[in-house]
Each structure stands twice: as structure tokens, then as C-alpha cells.
Undergrad: 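Got a structure here, written out as C-alpha cells. Questions coming.
Computed from a predicted model, the values in this text were never measured in an experiment. Counting starts at 1 for both ligands and their atoms, following the listed order.
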Amino acid sequence: MSRRRIIAGNWKMNKTPSEAVELVNTLKDLVKNDDVDVVYCVPAIDIVPVAEAIKGSNVQLGAENFYIEDKGAFTGEISAPMLKDAGVKYIIIGHSERRDIFGENDILINKKVKKAFASGLSPILCCGESLELREAGVYEEWIRRQIKWDLDGLTADQVSNLVIAYEPIWAIGTGKTATADQAQEVCKLIRDYIAELYDAATAEAVRIQYGGSMNAANAAELLSKPDIDGGLIGGASLKPDFGQIVNA
Ligand code: 13P
């Protein structure tokens, strides 16, 4: 198994531009690790200063959102060419906060994934079930449905280059992490489903992260699981703990 680990911070709506540069500098020596992809997904306004601040380091730049058109009358939006030009490599798509608070559905999310690939950005596609769905025992069907819709029309080559983040909504920002076994179960389910939709080689190549209250204390156990190739980290990505997760 030769998948490269990817540890990404999702800063969400935190850090002003000057605070962002300060955080990059605080983390600089802590996140050094050439065996891992280290990514900071930052608010749009922080992209330019963070691009400058990470120069010469092992950190790669990510964004949290974009719109599917290249330019035009879309007040308040930011396009893939703008992100590319600013040095962005990864783009988070389909985060549960975008789905639930901003009403993004699987049709738009699928368009975003396709647009990201067409623009040379690497999508980090998020999926995950609510507490109700987990308690009702239908999370497996739910995840399969999200994956089916969100990957619709993608080639095996594209899926091989995809990062999927499994983020159970009940574990996001709650301090309630999925156990390593629960996270592994769903990450494996996603990989098996991709083998069904595509083929074994594609399933073997796709990188799958866990996200939801991942921190310095639980990262090593989660990352030791065979189908968990990394993490998408919210709260703990804003603290020195992020360095411990990178090096877990
Ligand atoms: P927390 O790590 O704060 O639970 O957030 C997870 C998340 O939503 C990352 O995208």
C-alpha cells in the first residue's frame, strides 16, 4: 500500500490575514515532515498572505470554497482560476457546513468536483452522516448515496487522484470523535464502494481521510488504521497540536 498520508487543516472562518501569518509562523517548525502532504485550507482572504508565508516550506495551500464559473456576475464568489493563480492546490468540496448552512446539494457538489479537476485543483470531497442517520442504522446507505452522486461522471483516473474526507457530522466540533474502529469501518466501506463503481486499482489509489474532533491525543490511533490515509482537522489545526497530528 503506497498511499501518501495527507494531513489537512480546515481553518473554517477563523484567522484574520495577520493572524493567519502568525499561525503559519507558529507552526512552521512543528509541521516539518517530508513523508506527509501537509495542507492548510484557509479562508479566501488569507490565501494570498498564507501563500507568501509558506514559501520554502513543505506546506501546501488549500481553499475552503469556490464557485463553478470562471468569472462574471457572481457577487461574492471566487473562481477556480483565481485560486490557481494564487497558488492554491487543494480545494475542500461538500463540507457538511456548506451542505447544511449554505444549502449545497450533491448536484452542485458534483459540478464542483468536476470543475476542480478541469481547473487543475485537487478536490478534498467531504461526506458523512448525521447523528439521526447513524442512530437509525442507515449511515452506510447514506454514505454510498453521497459518493455515488458526488462522483457521478468522473473517470477512474480522476478518482485515483481524489481525496475523500469521511466526516461524521456528530463528531465535528463536538469533541466526540468516532472511535478508530468506527472511522475505519466507514473509510473501508467507501473504498469498497469505489472498487464496485470503478475497479480495485482506483480504490487502492484514492486517499481517504477521517475528520471530526481529531487531535494530538487520538490522531495516532486513527491514522494506524489501514483505510485511513490522513485527517481533515478543524479546531486542532489552529493550534500547535497540529504539528503533533502531522507527525503522529
Ligand atoms: P473539528 O476537527 O473541529 O471537529 O472539525 C472537523 C472538520 O469539520 C474538518 O473539516
Undergrad: Ignoring hydrogens, what is the shortest heavy-atom contact between Gly128 and Ile143? Give both atom names and the distance.
TA: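 For Gly128 versus Ile143, the nearest heavy atoms are CA-CD1, 3.7 Å.
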Undergrad: With only distance considered, is Leu232 within less than 3.5 Å of ligand 1 through an N or O on each side?
TA: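 No - when backbone and side-chain N and O of Leu232 are compared with those of ligand 1, no distance drops under 3.5 Å.
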Undergrad: Which residue supplies the protein heavy atom nearest to atom 5 (O) of ligand 1, what is that atom called, and how far is it?
TA: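 So the nearest neighbour among protein heavy atoms is Lys12 NZ, 3.3 Å.
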Undergrad: Classify the contact between Ala171 and ligand 1 as side chain, backbone, both or neither, using a heavy-atom distance cut-off of under 4.0 Å.
TA: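 Backbone only.
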Undergrad: Which of these, Gln209, Glu64, Glu167, has its nearest heavy atom closest to atom 10 (O) of ligand 1?
TA: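 Heavy atom nearest to atom 10 (O) of ligand 1 belongs to Glu167.
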Undergrad: N/O of Glu97 under 3.5 Å from N/O of ligand 1, yes or no?
TA: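 Looking only at distances, the answer is no, because the N/O contact criterion of under 3.5 Å is not met.
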Undergrad: Hey, is the main chain of Arg4 close enough, under 3.5 Å, to the side chain of Arg207 for a donor-acceptor pair?
TA: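 Looks like yes, one N/O pair under 3.5 Å.
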Undergrad: Verify whether one side chain among Tyr166 and Gln184 offers a donor that lies under 3.5 Å from an acceptor in the other.
TA: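 The answer is no; no qualifying pair exists.
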Undergrad: For Gly212, take its heavy atoms, then give the atoms of ligand 1 lying under 4.0 Å from any of them.
TA: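 It comes down to these atoms of ligand 1: 4 (O), 6 (C).
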Undergrad: Can a cation-pi geometry be assigned to Lys112 and Phe66, taking NZ or CZ under 6.0 Å from the six-membered ring centre and within 45° of the ring axis?
TA: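 Flagged: Lys112 positioned over aromatic ring of Phe66.
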Undergrad: Indicate, as side chain, backbone, both or neither, the part of Asn10 found under 4.0 angstrom from ligand 1 when only non-hydrogen atoms are considered.
TA: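 The side chain, only.
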Undergrad: Look at atom 3 (O) of ligand 1 and say which protein heavy atom is nearest, naming residue and atom and giving the distance to 0.1 Å.
TA: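 The protein heavy atom lying closest is Gly235 N, 2.8 Å.
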Undergrad: Taking Asp37 for its side chain and Ile6 for its backbone only, find out whether a donor-acceptor pair lies under 3.5 Å.
TA: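 No, because the side chain of Asp37 does not come within donor-acceptor range (under 3.5 Å) of the backbone of Ile6.
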Undergrad: Backbone or side chain, does any N or O of Gly234 fall under 3.5 Å from an N or O of ligand 1?
TA: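 The answer is yes, given that Gly234 and ligand 1 share an N or O pair closer than 3.5 Å.
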Undergrad: So which of Tyr139, Trp170, Trp142 actually passes side chain to side chain donor-acceptor pair (under 3.5 Å) with Glu129?
TA: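 It is Trp170, the one option of Tyr139, Trp170, Trp142 that forms the side chain to side chain donor-acceptor pair (under 3.5 Å) with Glu129.
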Undergrad: At a 4.0 Å cut-off, with the gap strictly under it, does some heavy atom of Ser213 reach an atom of ligand 1?
TA: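 Right, Ser213 reaches ligand 1.
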Undergrad: Does Gln60 reach the main-chain N or O of Val39 with its side chain, forming a donor-acceptor pair under 3.5 Å?
TA: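 Pair absent, no side-chain N/O of Gln60 close to backbone of Val39.
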